[in-house]
Amino acid sequence: MRFSRLFGKTLRQAPAEAESVSHQLLIRAGMIAQVAAGVYSYLPLGWRVLRKIEQIIREEMDKAGGQELTLPVLQPFELWQQSGRSVSFGQSLFTLKDRKEHKLALGPTHEEVITKLVQRYVQSYRDLPLLLYQIQTKFRDEPRPRGGLLRVREFIMKDLYSFDVDEAGLDVSYKKMSQAYKNIYARLGLPALIVEADSGAIGGKESHEFMVITESGEDEIIYCSNCGYAANRERAQFAKAVITSEEKQPLPLEELATPGTKTIEGVAGFVGVPVSQTLKAVFYSADGEFIFVVIRGDLEVNETKLRNALKCSELRLATESEVSEAGIVAGFASPIGIKDVKVVADDSITLGSNFIAGANKSGYHFRNANYPRDFRVDFMTDIALAHSGDNCSNCGSRLSSAQGIEVGHIFKLGIFISEKMEAFFLGRDGTSRPIVMGCYGIGLGRLLAAIVEQSHDGKGIIWPLSVAPYQVYLCPLYLDSPELASIAEDVYQSLEKGGIEVLYDDRSESAGVKFNDADLLGIPLRLTLSPRTLQKQSIEAKWRTEKETQLLPLENASAEVSRLLKGKNWLGKGE
RNA sequence: CGGGGUGUAGCGCAGCGGGUAGCGCGCAUGGUUUGGGACCAUGAGGUCGGAGGUUCAAAUCCUCUCACCCCGACCA
């Protein structure tokens with residue numbers, strides 16, 4: 001490809017709205033262009049990278065036994081009603097009406113459609129297992145797109161669905177996919193960490209995310225460097241410290257005047273006890289129902305855990321007026337004596353005794369509140385948010401935290417969808433059972449952005465050889481010399497003939513401009529041709545990742561370059 | 001949806017005590033240059049996000065509105 005003919009232009013300055021590194025570099029390199037919030041065009045260079053990523057994913061899916069197909073983007077809304085996910089996806093589902101006023105959805109994912117399809121063709125256990133996938137555009141009306149390609153409303157995703165006869169079969173499919181994903185990240189040069197995850201609106205039970213650790217990541221990972229436990233913070237477990245008060249025996253409940261102490265810190269300070277010696281009350285609205293949450297004063301509520309515990313789809317903090325309508329005195333609330341309100345407790349309230357708790361009247365708290373002696377709860381489970389510094393629930397070591405980009409998510413769906421979509425099969429024993437499903441998603445654009453996020457320097461992008469838009473940047477200097485121009489042209493032709501992907505900088509720009517563009521675009525190997533190298537009948541080669549240059553004989557340069565490229569692995573590292 | 005911010009040439013920005021728009025980069029033409037973003041000359045390019053209002057006069061003041069970005073809520 002001749003640079004002078006390439007559509008797209010490198011920019012010295014990134015547009016003001018681009019904040020994340022990947023966003024800035026991808027725009028400056030002329031690889032993507034924004035159309036609307038969370039909607040992007042891929043320019044030729046960016047599209048080449050995306051297609052390479054796609055091909056790697058396709059190869060790994062095929063190797064794992066996947067069969068590629070394509071499902072429609074346009075889906076009848078009824079399918080979403082049938083699965084019940086029109087509710088759980090809620091506003092994120094893009095919907096539209098056709099000319100007959102029939103409601104349709106733009107697919108944010110394809111469990112419904114594929115399960116319907118599989119239902120038509122699978123009748124017997126003999127038809128299973130199946131691994132079906134597609135690579136296709138998804139639509140999600142995200143509340144807040146951000147970070148360039150990191151979170152968008154229209155994106156290309158590979159989604160694979162597994163169909164098995166039982167849980168054991170699902171485990172096998174899940175492992176295959178997990179391995180295929182690891183292979184993909186390895187080939188992309190992405191150090192991805194697998195972590196336990198919440199399954200969110202997709203549903204199902206077990207799920208894992210693949211995370212690339214980088215500061216710009218929007219997810220927080222809690223991990224234990226001792227035993228290897230790692231989980232998304234939404235999901236993370238930790239060992240809650242047991243608080244032993246001086247008096248282990250429950251003491252009689254006492255009312256205590258605590259004027260003006262509306263916060264946990266305020267009360268604890270006023271009474272002179274640690275915050276862990278108090279009970280915190282937090283109020284939520286879950287699908288419209290008022291929820292009273294109790295948790296030990298030193299902990300915070302994990303809203304994802306709470307949502308899962310309540311099995312609700314919409315969860316938010318209750319407003320002040322909702323709290324007072326429920327008859328609760330904010331700042332002095334506790335479940336003691338509370339009636340007609342659903343109370344959910346974190347199990348931390350049993351890890352201690354004689355707590356300070358609200359007296360449900362302004363200016364007063366109770367001393368020596370104990371569960372279950374003094375109050376009841378509707379149910380109790382783990383709804384606490386893990387922090388770095390907490391203890392690992394596996395091994396007791398200190399947990400750490402890191403920011404990460406979610407570059408893949410795999411789910412064990414079980415029969416959650418297949419039951420609703422009536423996808424049953426006949427087992428060997430003649431009984432009809434729902435197909436056991438898994439789903440496995442990976443967003444290509446986000447993958448591309450993640451690569452840039454963790455592989456760049458002050459000059460620009462550093463693509464791994466496996467996905468670089470071109471392998472070689474041919475950079476002749478002093479192109480106005482007819483002799484040099486003609487040799488450069490010959491080299492270009494011979495590289496192309498040799499099957500090497502080459503971007504030929506045929507512009508008559510100065511050396512600095514060309515070198516800077518080569519670095520910005522992140523092409524792995526740069527070849528410089530100038531009177532200086534010509535004098536030695538050679539061409540200069542330089543890897544994007546290295547400082548040193550080397551001279552290659554001009555004669556059969558193509559073969560020499562091939563040799564160089566083959567000497568590198570797909571990441572362009574090592575010999 | 002809550003909070004904050006920005007919309008002026010392709011990109012980055014200035015102008016905003018009202019008088020009809022300018023700088024840098026980029027772009028075009030010509031010339032001199034060239035191993036890490038050269039220089040000179042000439043030139044093209046703008047309904048100042050949109051609508052309404054105030055005024056003799058609005059990029060500038062007022063009202064409404066739209067878009068985009070960031071934080072949060074939310075989210076495979």
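Numbers restart at 1 for each chain; the letters A, B, ... are given by sequence-line order, proteins then strands.
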Select one nucleotide: of B:rU34, B:rG37, B:rA73, the one nearest the side-chain heavy atoms of A:Glu303. B:rA73
Check this one for me: any side-chain N or O of A:Gln91 less than 4.0 Å away from OP1 or OP2 of B:rC1? no
Between B:rC11 (P) and A:Gln13 (CD): distance, integer Å: 12 Å
Start at the 5' end of RNA chain B and walk down; is the nucleotide closest to A:Gly512 or to A:Gln34 reached first? A:Gly512
What's the CG-C1' distance between A:Asn302 and B:rC74, to the nearest Å? 14 Å
Whole Å only: how far is the CG atom of A:Leu529 from the P atom of B:rU34? 17 Å
On the side chain of A:Arg526, is there an atom forming a donor-acceptor pair with the base of B:rG36 - under 3.5 Å, no angle test? yes
A:Ala36 side chain, from C-beta outward: closest of B:rC27, B:rG36, B:rC68: B:rC68
Let's test this: given Watson-Crick or G-U wobble pairing with both distances under 3.5 Å, identify the partner of B:rG2. B:rC71
By salt bridge (Lys or Arg N to Asp or Glu O under 4.0 Å), A:Asp141 pairs with (sequence neighbours left out) A:Arg153
Separation of A:Leu93 atom CG from B:rC74 atom C1', in whole Å? 15 Å
Side-chain ion pair, A:Asp198 and A:Arg307, N-O less than 4.0 Å: no
Ranking B:rG36, B:rC25, B:rA38 by distance to the side chain of A:Val513, first place goes to B:rA38
Can you name the salt bridge (Lys or Arg N to Asp or Glu O under 4.0 Å) partners of A:Arg316, sequence neighbours left out? A:Glu314, A:Glu322
Using only side-chain N and O atoms of A:Arg146, determine if any of them is under 4.0 Å from OP1 or OP2 of B:rG72. yes
Between B:rA59 and B:rG22 - P atom distance, rounded Å: 14 Å
To the nearest Å, give me how far apart CG (A:Leu317) and C1' (B:rG72) are. 12 Å
Residues from residues 446-460 of chain A sitting under 4.0 Å of RNA chain B, heavy atoms only? A:Lys459
In whole angstrom, give me the gap between the C1' atoms of B:rC27 and B:rC74. 43 Å
Salt bridge or not for A:Glu209 and A:Arg235, using N-O below 4.0 Å? no
Does A:Arg144 place a side-chain N or O at less than 4.0 Å from the phosphate oxygens OP1/OP2 of B:rC70? yes
Between the side chains of A:Glu303 and A:Tyr284, does any donor sit under 3.5 Å from an acceptor? yes
So, are A:Glu489 and A:Arg2 salt-bridged, with charged N and O less than 4.0 Å apart? yes
Which nucleotide sits closest to the side chain of A:Asp517: B:rC11, B:rG37, B:rC68? B:rG37
Could you tell me which nucleotide pairs with B:rC61 by Watson-Crick or G-U wobble geometry, both distances under 3.5 Å, or answer none if nothing does? B:rG53
Grab the two heavy atoms, one from A:Gly404 and one from A:Met211, that are nearest each other, plus how far apart they are. C-SD, 4.1 Å
Gap in Å between the two P atoms, one belonging to B:rG35 and one to B:rC16, rounded: 43 Å
Please give the distance between the C1' atoms of B:rC66 and B:rG50 as a whole number of Å. 7 Å
I need the OH-C1' distance between A:Tyr40 and B:rC69, as an integer number of Å. 10 Å
Return yes if some donor-acceptor pair links the side-chain N/O of A:Arg446 with the main-chain N/O of A:Glu406 below 3.5 Å, else return no. yes
Mind checking the P distance from B:rC25 to B:rC39? Whole angstroms is fine. 7 Å
Any donor-acceptor pair under 3.5 Å between the side chain of A:Glu540 and the base of B:rG35? yes
Output yes when A:Asp457 and A:Arg544 qualify as a salt bridge under the 4.0 Å nitrogen-oxygen rule, no when they do not. yes
NZ of A:Lys514 versus C1' of B:rU34: gap in Å, rounded? 10 Å
Under a 3.5 Å limit on both distances, the Watson-Crick or wobble mate of B:rU32 is B:rA38
Would you mind telling me which of B:rG35, B:rU33, B:rG37 lies closest to the side-chain atoms of A:Asp480? B:rU33
Output yes when at least one side-chain N/O atom of A:Ser510 is less than 4.0 Å from OP1 or OP2 of B:rG37, else no. no
For atom P, what is the distance between B:rG24 and B:rG43, given to the nearest Å? 14 Å
Report the distance from atom OH of A:Tyr478 to atom C1' of B:rU33, rounded to the nearest whole Å. 10 Å
What nucleotide, of B:rG12, B:rG37, B:rG35, holds the atom closest to the side chain of A:Thr528? B:rG35
Taking atom types as they are modelled, would you say the side chain of A:Arg28 forms a donor-acceptor pair with the base of B:rG37 within the 3.5 Å cutoff? yes
B:rG30 to B:rU6 separation - P atoms, rounded to the nearest Å: 43 Å
Measuring only the C1' atom in each nucleotide, how far is B:rG19 from B:rU55? A whole number of Å is fine. 12 Å
Do A:Leu74 and A:Leu96 come close enough that some side-chain heavy atom pair is under 4.5 Å? yes
